[in-house]
Number of protein chains: 2
Amino acid sequence: MNQEAIGRLFKANNIKNTKHRLNVYSYLLSCKQPVTADAIYLDLVRDSRNQENLNQSTVYRILDTFLKHQMIVKTTLGNDSRATFEIKHHEHRHHLICVSCNQITPISGCPLKGYEKMLSETSQFKILEHKLEIFGVCPKCQK
Amino acid sequence: MNQEAIGRLFKANNIKNTKHRLNVYSYLLSCKQPVTADAIYLDLVRDSRNQENLNQSTVYRILDTFLKHQMIVKTTLGNDSRATFEIKHHEHRHHLICVSCNQITPISGCPLKGYEKMLSETSQFKILEHKLEIFGVCPKCQK
DNA sequence: ATGCAAATGCAAATCACTTGCATTTCATTG
DNA sequence: CAATGAAATGCAAGTGATTTGCATTTGCAT
């Protein structure tokens, strides 16, 4: 996804196309796993292309905006007190997290397809979504 | 579970039997859903039986002790930034969260029993645990 | 180019929790 | 049953993540 495409996405969501927003969105696109607001901030200020100053609050506000427009997903993983963010992909996914090296592996397929239907009948809740994370030790770390 | 039984539980875990610990543990026993440290604190100080002063840090420290001894479970639910705590039941549980009124309902049974075994074979991960939360609208809020 | 709402920078505030330290309490021992 | 020492608590200050108020800057529709 290039700069223009991102600009069009912003326009489609009716939010202004600013350089910080572009940088944050591009950065998120480049991430293969969820990242913290702090990581985004630090990597962007470190980045030479981004000479102009960027503020932590700006990052938080940008993430809030993206969230409001459902362009990204926010999660709190494991016992970490910080939230993590990632681009919202169409296909809904779960992750397998290695408790030793923190590597995150996406899992294909969702084991809860049939279950939610059943649950909505027994609980009378209208089920909207779910969050599932699985923790374990990856092959490398088992050695 | 009465006061003596709780006292025995403390002794079994080799921790001192103090009135605050007793109050916190009893309170958790009485809760049908996970509660925040703040809720525990506020309810206990409001409680007339608990004339003596109780401090927020004491609550946090007591919860830490219970956690260390695996007497309770800690989770961060939904988008709330606060952790919640509940008595550790033998059977592992998940929760159904109403996105409208935030009420939390425990679900009995876990839909991932067989799945994890399969996943450990296909992924080569050694699966340790998982976190599952389901979001929806409760019967009351649907009206 | 211009105007104005929206976005940003900065500093201070807030929220959930943690820590240091002086004091109190519990439970073992004499 | 009192003494004793370790563990628990109260209080106040500290921390880390996130939010907010407000003055200034920027994007974009005119």
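All heavy atoms count here, side chains included; hydrogens, waters and symmetry mates do not. Lettering of chains follows the sequences in order, A, B, ..., and the numbering in each one begins at 1.
Closest-nucleotide positions on DNA chain C for B:D80 and B:N55 were compared, and the one nearer the 5' end corresponds to B:D80. When each of A:A83 and B:T58 is assigned the nucleotide of DNA chain D bearing its nearest heavy atom, the one mapping closer to the 5' terminus is B:T58. In terms of position along DNA chain C, the nucleotide closest to A:R21 lies nearer the 5' end than the nucleotide closest to the other residue of the pair B:D38 and A:R21.
B:S57 comes within 4.0 angstrom of a nucleotide base, judged by non-hydrogen atoms across all strands. Contact annotation for B:R61: base contact, defined as any heavy-atom pair under 4.0 Å involving a base atom.
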Under 3.5 Å donor-acceptor pairs involving side-chain atoms of residues 86-100 of chain A, not counting sequence neighbours:
| from | atom 1 | to | atom 2 | distance (Å) |
| --- | --- | --- | --- | --- |
| A:H89 | ND1 | A:I87 | O | 3.4 |
| A:H92 | NE2 | A:H94 | NE2 | 3.3 |
| A:H92 | NE2 | A:H130 | NE2 | 3.3 |
| A:H94 | ND1 | A:L132 | O | 3.4 |
| A:H94 | NE2 | A:H130 | NE2 | 3.1 |

Taking it one step at a time, do B:D64 and B:R61 satisfy salt bridge (charged side-chain N to carboxylate O under 4.0 Å, His left out)? CA-CA 5 Å; B:D64 277 348; B:R61 282 192 273 230; over 6 Å; no
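No more than 12 heavy atoms of other residues, nucleotides or ligands lie within 6.0 Å of NZ in A:K126, so this atom counts as exposed by the packing criterion. Residue A:N2 places its CG atom among more than 12 non-hydrogen atoms of other residues, nucleotides or ligands, all under 6.0 Å distant.
In this structure, the side chains of A:V45 and A:Y41 come closer than 4.5 Å at one or more pairs of heavy atoms.
Counting only N and O atoms by type, the side chains of B:T36 and B:D38 include no donor and acceptor under 3.5 Å apart.
To the nearest angstrom, P of D:dA7 lies 10 Å from CG of B:N14. For B:H20 and D:dA7, the NE2 to P distance is 19 Å, given to the nearest whole Å.
For D:dA29, the paired base is C:dT2 (Watson-Crick or G-U wobble, both distances below 3.5 Å).
Residue B:M1 is grouped with residue B:V35 when hydrophobic side chains (ILVMFWY) are merged at heavy-atom distances under 4.5 angstrom, including chains of intermediate members.
The ring of A:F66 has its center closer than 6.0 angstrom to the ring center of A:F10. In this structure, B:Y60 has its ring center no closer than 6.0 Å to that of B:F85.
The phosphate of D:dT18 (OP1 or OP2) has a side-chain N or O of A:Y60 nearer than 4.0 angstrom.
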Nucleotide by nucleotide, nucleotides 25-30 of chain D touches protein heavy atoms under 4.0 Å in the pattern (B base, S sugar-phosphate only, - none) --BS--
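Nucleotides of DNA chain C with any atom under 4.0 Å from a heavy atom of chain A span, from 5' to 3', C:dA5 to C:dA11.
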